[in-house]
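Following: one structure in structure tokens, then a few remarks.
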Amino acid sequence: MTKNAEEPNVTLSAPRVVELLDAVAAESEDEAVRVFERLAAELPGEPVLVDRLRALRSLLARLRRRGHELSALFSSARELAELRDTDALLHRLVERAHALMGTDVTYLSEFHEDSDELRVRTTLGTVASSFRELRVPPGMGVASQVVRTRCPQWTSVYHANHSVPHDQGIDAAVADEGLVALLGVPLVAGDRVLGVLFAADRSAHEFTPDEVALLSAFADHAAVVLQTTSLLEQARVAAQEVERANSVLVSNVTAMERASAVHEDLTAVVLTGGSASGVAETLGKALGRSVVILDRELGPVAQQPVGSEVRYADGHGALQPAVRNAIEVSRMSARCVFVDGRQPGPEIAVAVVAGRTFLGAVLVGYGELELREVERRTIERAAQIASLVAVQQEAVAAAEDRVRGELVADVLRADQHRWAELLLRARARDVRLDELRSVVVLDVPADGRGAATEALRRSAPGGLVGERDGLLVLLAPGSEPVAVARAAAKAVRAVQRVPVLAVAGPLAGSAAELGRSFETACRCVRVVRTLNTAEGVVDARAYEPYLAMFGAGGADLSGFIEATIGPVLGWDADRGTDLFTTLGAFVDAQASPSRTARVLHLHINTVNQRLERIGSLLGAAWREPESLFRISVAVRLHALAGATDYT
């Protein structure tokens with residue numbers, strides 16, 4: 001065997017070999033250097049042996065350091081794998097990388113695929129706030145190179161490296177932080193780049209392959225854990241969405257079942273001939289809320305529960321502006337509209353309509369059950385049912401009005417041969433014909449007669465209401481026709497904001513005389529109309545003289561006034577004078593000029609001048625008894641145009 005000339009020819013004792021091995025494996029560098037220097041002094045001819053021992057120690061130290069790094073790497077991977085919160089995971093990732101690399105600064109930039117931009121997400125060791133808010137534009141800086149190549153990139157002196165695409169904002173942030181050396185490795189999961197992990201020093205530093213490999217290995221582990229965490233987070237969010245969707249589905253199914261039950265109950269209300277109270281009760285119980293139904297005049301017709309407080313009107317009974325506005329908006333679509341207000345006012349209002357006809361509104365108060373889409377559709381369905389009920393009731397009322405109108409017409413004709421039949425027909429409607437003594441005729445505009453008829457029925461229990469010749473007729477019990485007329489006019493005015501003229505006929509001695517009282521009242525209406533009286537309460541007996549003379553009314557009465565005092569009225573109209581007032585005062589003063597002067601507070605000469613003018617207009621014989629009588633009647637008829645009201 002040939003001996004290699006480079007191999008040391010040294011003979012060492014066993015204790016010396018053990019000492020050398022201890023020095024090679026020693027933790028302390030100082031102890032190893034001391035042993036190696038003594039050995040070199042004792043064996044001056046064998047330098048190769050000392051170099052071999054030093055190389056062996058360096059290899060062992062490197063392996064030992066590598067083992068520590070791998071141990072720390074696996075420990076970090078296990079720790080990261082236990083985290084589920086993304087922010088906490090990124091922060092811990094940077095912390096562990098910082099500890100492994102021992103650099104001055106460690107940070108992670110998150111990659112946004114939609115904008116191809118990197119944004120600093122987590123840092124450790126930084127001092128400048130501008131760096132923590134850094135955004136790296138596409139294609140700029142070391143980070144963009146890492147993303148593009150998906151390989152580690154590093155520079156020992158960043159500001160002097162012209163191969164890196166520089167950006168003014170990036171350079172300013174790096175300078176503020178004082179960074180010089182940068183090492184960036186990609187966080188890659190599958191075919192996606194999640195971000196870039198950086199280790200940086202504030203002095204020039206040449207990153208060794210071991211450092212690059214160590215940070216890359218850590219980044220690979222971290223990317224896998226980060227991707228897994230992201231997938232788990234997505235799965236958790238998806239599970240929550242599924243759970244939420246399932247909860248919504250269950251809630252919607254429950255709401256649909258409740259709505260279906262309510263719809264069945266509401267349909268039953270219509271089929272059984274129910275009323276608005278049935279609709280309010282059904283809807284109120286289903287929603288657990290107070291419900292108020294208003295009629296077309298916005299007055300309450302039903303409330304559930306009875307006596308519950310839903311303030312929709314002010315202290316004077318007028319609808320609150322917010323409620324009125326909500327109803328007006330709902331009239332356009334018949335959909336639910338939230339009321340601009342708070343409890344105890346209504347939360348929702350929906351108009352009750354049939355085609356273009358407004359029939360009222362449904363008001364729903366506040367409650368625990370949330371009014372979602374299904375509940376709002378249920379309220380709208382209730383409003384539709386309420387409109388059907390209202391139309392149904394109006395149809396029944398119209399039929400009843402026709403029946404009652406026919407009964408009123410038959411009673412006024414006083415056909416003795418059918419009297420027994422009339423008694424039975426009236427008794428079927430809780431009316432006793434033998435008790436009817438008062439007749440009231442009302443002149444009401446045509447579009448308001450329906451509501452006026454219902455109001456008259458309520459004002460006169462036990463009476464009959466019908467329509468004859470465009471007039472409403474009330475036949476009522478009682479011995480005071482004027483009082484009955486006064487109550488009737490008040491009831492109609494409560495539902496109709498229009499002029500109402502009520503004429504009380506003479507008290508009928510029996511039911512058979514009701515027709516005669518009606519004819520007198522109708523004649524009085526014609527006379528009063530001619531006098532331009534459109535509203536008020538009139539006792540027909542007070543107009544008996546005029547009825548006797550002008551029972552036909554109309555043109556006869558107007559012609560009489562024109563033929564008698566027309567010249568005086570024309571003179572006043574043409575010249576703006578007031579001779580008619582003087583003439584009226586003269587008639588009231590029993591044809592005495594002096595009394596007339598005192599009444600008008602004028603000089604006697606002025607009155608005489610006016611009387612002379614009147615004489616020139618009416619003729620020289622105007623003061624004769626017969627002429628003066630006719631002139632007095634004409635003056636009073638013309639003056640009555642201001643209407644007489646016994647209210």
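Numbering of residues begins at 1 and proceeds along the displayed sequence. The analysis underlying the following values was restricted to heavy atoms, covering all of them including side chains, and did not include hydrogens, waters or symmetry mates.
No donor-acceptor distance shorter than 3.5 angstrom exists from the side chain of S277 to the backbone of A302, with no hydrogens or angles considered. Side-chain atoms of E380 never come within 3.5 Å of backbone atoms of A334 as a donor-acceptor pair (strictly under, hydrogens ignored). Between the S632 side chain and the L628 main chain, a donor and an acceptor come within less than 3.5 Å of each other.
Of the listed residues (L283, V301, L363), just one forms a side chain to side chain contact (heavy atoms under 4.5 Å, CB included) with I293, and that residue is V301.
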Side chain to side chain contact (heavy atoms under 4.5 Å, CB included) assessment of V440 paired with L456: CA-CA 10 Å; V440 177; L456 290 174; over 6 Å; no
Residues I379, L287; criterion side chain to side chain contact (heavy atoms under 4.5 Å, CB included); working and verdict: CA-CA 9 Å; I379 297 173; L287 301 179; 3.7 Å; yes
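Here the closest heavy-atom approach between residue T357 and residue R296 is recorded as CG2-NH1, 4.2 Å. Shortest non-hydrogen contact noted between V439 and S517 is CB-OG, 3.6 Å. Scanning all heavy atoms of the two residues, the minimum distance from A349 to I327 falls at CB-CG1, 4.1 Å. What you find for L579 and D572 is that their closest heavy atoms are N-OD1, 2.8 Å. Nearest heavy-atom pair across G509 and R437 is O-NE, 3.3 Å. Taking both residues in full, the closest heavy atoms of V339 and A326 are given as CG2-CB, 3.9 Å, listed atom of the first, atom of the second, then distance.
Here L507 contributes atom CG and S438 contributes atom OG; the two are 6.0 Å apart, rounded to the nearest 0.5 Å. Between the CD atom of E347 and the OG atom of S290 there is a distance of 12.0 Å, given to the nearest 0.5 Å. For the atom pair L617 CG and L569 CG, the distance stands at 10.5 Å (nearest 0.5 Å). Note: L464 CG to L474 CG = 8.5 Å, rounded to the nearest 0.5 Å. In this structure, CG in L600 is found 7.0 Å from CZ in R610, a value given to the nearest 0.5 Å. Rounding to the nearest 0.5 Å places CG of L514 at 6.0 Å from CG of L436.
You'll find the side chain of V482 reaches within 4.5 Å of the side chain of R486, heavy atoms only. At least one side-chain heavy atom of L294 sits less than 4.5 Å from a side-chain heavy atom of L319. Within the 4.5 Å cutoff, side-chain heavy atoms of L371 are placed close to those of R289. A 4.5 Å side-chain heavy-atom check between T596 and L611 finds every atom pair outside the cut-off. Here the side chains of D578 and T582 are not in contact, with every heavy-atom distance at 4.5 Å or above. Within the 4.5 Å cutoff, side-chain heavy atoms of F580 are placed close to those of V635. Contact of the N325 side chain with the D340 side chain is not registered, since no non-hydrogen atoms from C-beta on lie closer than 4.5 Å. Proximity of V599 to D588: side-chain heavy atoms (C-beta onward) are nowhere separated by under 4.5 Å.
Under 4.0 Å is where a charged nitrogen must lie from a carboxylate oxygen, and between R516 and E519 no such pair does.
More than 12 heavy-atom neighbours from other residues, nucleotides or ligands sit within 6.0 angstrom of CD on E328.
Here R595 pairs with Q590 under the side-chain hydrogen bond (donor to acceptor under 3.5 Å, both in side chains) rule; sequence neighbours left out. Under the ring pair (Phe, Tyr, Trp, His ring centres under 6.0 Å) criterion, F586 pairs with W622, not counting sequence neighbours.
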